[in-house]
Amino acid sequence: MLLLSTIREERERLLEGLAKRNFNDAAATLDRIVALDDERKSSQTALDQLLSEQKALSKDIGDLFKSGKAADANALKAKVADLKEQSSVVEDRFKEVKLELETELLGLPNLAHTSVPFGNTEEDNEVYKELSGTIPDLGEDAKPHWDLSDQYGIFDLKLGVKLTGAGFPVFTGQGARLQRALINFFLDEASNAGYTEYVPPLMVNEDSARGTGQLPDKEGQMYYVTEDDLYLIPTAEVPLTNIYRDVILKEEDFPIKMCGYTPCFRREAGSYGADVKGLNRVHQFDKIEIVQVEHPDKSYDTLMDMCNHIEGLLQKLELPYRILRLCAGDLGFASALTFDFEVYSAAQKRWLEVSSVSNFETFQTNRLKLRYRNEEGKTTLAHTLNGSALALPRIIAALLENNQTSDGITIPDVLRRYTGFDKIK
RNA sequence: GGAGGAGUGGCAGAGCGGUUGAAUGCACUAGUCUUGAAAACUAGCAUACUUUACGGUAUCGGGGGUUCGAAUCCCUCCUCCUCCGCCA
């Protein structure tokens with residue numbers, strides 16, 4: 001959520017930013033927001049005035065009763081009743097305006113960082129770092145990971161359909177073991193980089209879903225447990241970031257570094273075709289997420305640190321990868337700057353997104369009421385950042401495909417102490 | 001799931017219809033004293049919105065209600081504790 005002060009004071013910058021994001025009717029929306037805020041202020045002032053009078057009179061009534069002047073007291077009562085009627089009208093309008101204002105504000109995306117390239121689709125994303133690592137020469141009979149899975153018994157999608165439905169893979173044998181190895185590897189790497197490990201709940205309440213920006217709007221992406229009004233988390237970002245909802249930090253608390261492994265649940269409504277084949281897109285998958293809460297002055301340095309961490313993981317796994325800087329049109333609603341990490345799948349001959357790292361600046365913290373006290377003792381919004389480090393399914397897909405040999409699938413060195421085997425056969 | 005008890009400032013803990021945004025203690029910050037520290041003393045110490053300012057309003061788990069007036073009474077939801085039931 002953008003700040004009202006920004007909307008009032010930096011209108012031109014905002015209009016440019018919204019245009020970059022192809023936001024329609026930006027000027028009219030901003031005008032409407034300012035008008036609503038003006039009305040909110042004036043109705044609040046009016047309401048406060050009426051309430052103040054009521055309070056003063058109530059005090060008088062008490063005094064009059066005590067001194068036995070019941071008749072005078074009753075006369076004042078009538079006056080208060082009249083004021084109360086007036087104030088309830090003003091209050092209704094006040095609440096209405098506040099709600100409208102909030103709805104308008106929630107509809108505005110975050111302002112893109114100046115470095116974000118112009119563009120509308122993923123075609124316009126900037127290649128921030130070209131291919132790094134080597135694409136293996138697999139020859140003509142290279143198999144995609146779903147065929148390899150059938151051959152070696154790594155995961156079973158049909159069994160998932162029987163148990164649950166499409167998009168819920170069942171990992172088996174060495175495949176399950178590989179999964180567990182990756183989780184432990186990623187968690188160890190995050191811990192070594194100073195992130196505190198959490199095991200958060202896999203379901204969150206509405207306040208949490210709102211805090212990180214899943215609600216309103218994206219409820220269609222989350223599984224919802226109606227009986228208890230809970231959402232299955234689409235990413236560990238939600239519970240981890242919400243740990244600091246309604247918190248006022250001290251400056252010396254920065255940076256706050258958290259990591260967590262969780263399954264993630266996404267409905268992925270509307271997906272189809274080659275995109276969803278095999279492990280490319282599933283409803284339940286495992287991911288290790290890193291989250292930081294940072295001082296506004298340092299958040300962009302921190303973003304680069306997080307990128308370096310993720311890059312290190314891909315290098316250790318010996319996977320060919322590249323880094324994209326998302327263009328304005330592809331940028332998430334809440335993000336100011338996002339880097340996507342993609343690994344190259346030699347058998348599918350395409351790039352697979354395995355991580356997304358973003359700085360949200362104050363967009364989330366404004367909703368979360370996550371602040372710190374600055375040198376002057378004023379409460380100020382902190383910045384939040386997060387990134388996948390990493391999401392498993394496409395890493396597994398890439399490992400299977402890129403490391404296939406005639407006598408099995410080679411496990412990268414760093415993983416062998418976790419898997420306990422060096423080949424899937 | 002059933003019965004009972006409880007939720008007050010960073011913490012502990014009063015207040016249980018009328019100058020209570022809230023006693024007191026601890027913690028914290030600044031000052032005095034001291035070579036320095038401790039102790040003692042003095043002062044300050046919730047958040048948000050609003051006002052040029054003085055100030056005003058809201059918030060005592062959340063929401064709603066009764067009343068001229070609610071932290072205090074009523075309803076409802078949430079959370080915690082105790083006991084019972086069920087259970088990995």
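In what follows, chains are A, B, ... by sequence order, proteins preceding strands, each numbered from 1. As a basis for the values below, the full set of heavy atoms in this structure was taken, side chains included, without hydrogen atoms, waters or symmetry mates. This is a predicted model, so every value here is computed, not measured.
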How many whole angstroms separate atom NZ of A:Lys98 from atom P of B:A48?
14 Å
For A:Lys55, which contact category applies under a 4.0 Å heavy-atom criterion: base, sugar-phosphate, or nothing?
sugar-phosphate
B:C74 versus B:G17 - spacing of their C1' atoms, nearest Å
13 Å
Would you kindly give the CZ-to-C1' distance between A:Phe65 and B:G69, to the nearest whole Å?
11 Å
Let's test this: given Watson-Crick or G-U wobble pairing with both distances under 3.5 Å, identify the partner of B:C33.
none
Given atom NZ of A:Lys77 and atom P of B:U66, what is their separation to the nearest angstrom?
15 Å
Which one, B:A46, B:G56, B:G69, comes nearest to the side chain of A:Gln44?
B:G56
Atom CG of A:Asp48 and atom C1' of B:C54: how far apart are they, to the nearest Å?
16 Å
A:Tyr372 and A:His295 aromatic ring geometry - parallel, tilted or perpendicular at 30°/60° bounds
tilted
Mind calculating the distance between CZ (A:Arg371) and C1' (B:A48) to the nearest angstrom?
8 Å
What is the base-pairing partner of B:U79, counting Watson-Crick and G-U wobble geometry with both distances under 3.5 Å?
B:A6
Figure out the CG/P separation between A:Asp63 and B:G69, and round it to whole Å.
15 Å
Determine which nucleotide pairs with B:C73, using a 3.5 Å limit on both distances of a Watson-Crick or G-U wobble pair.
B:G65
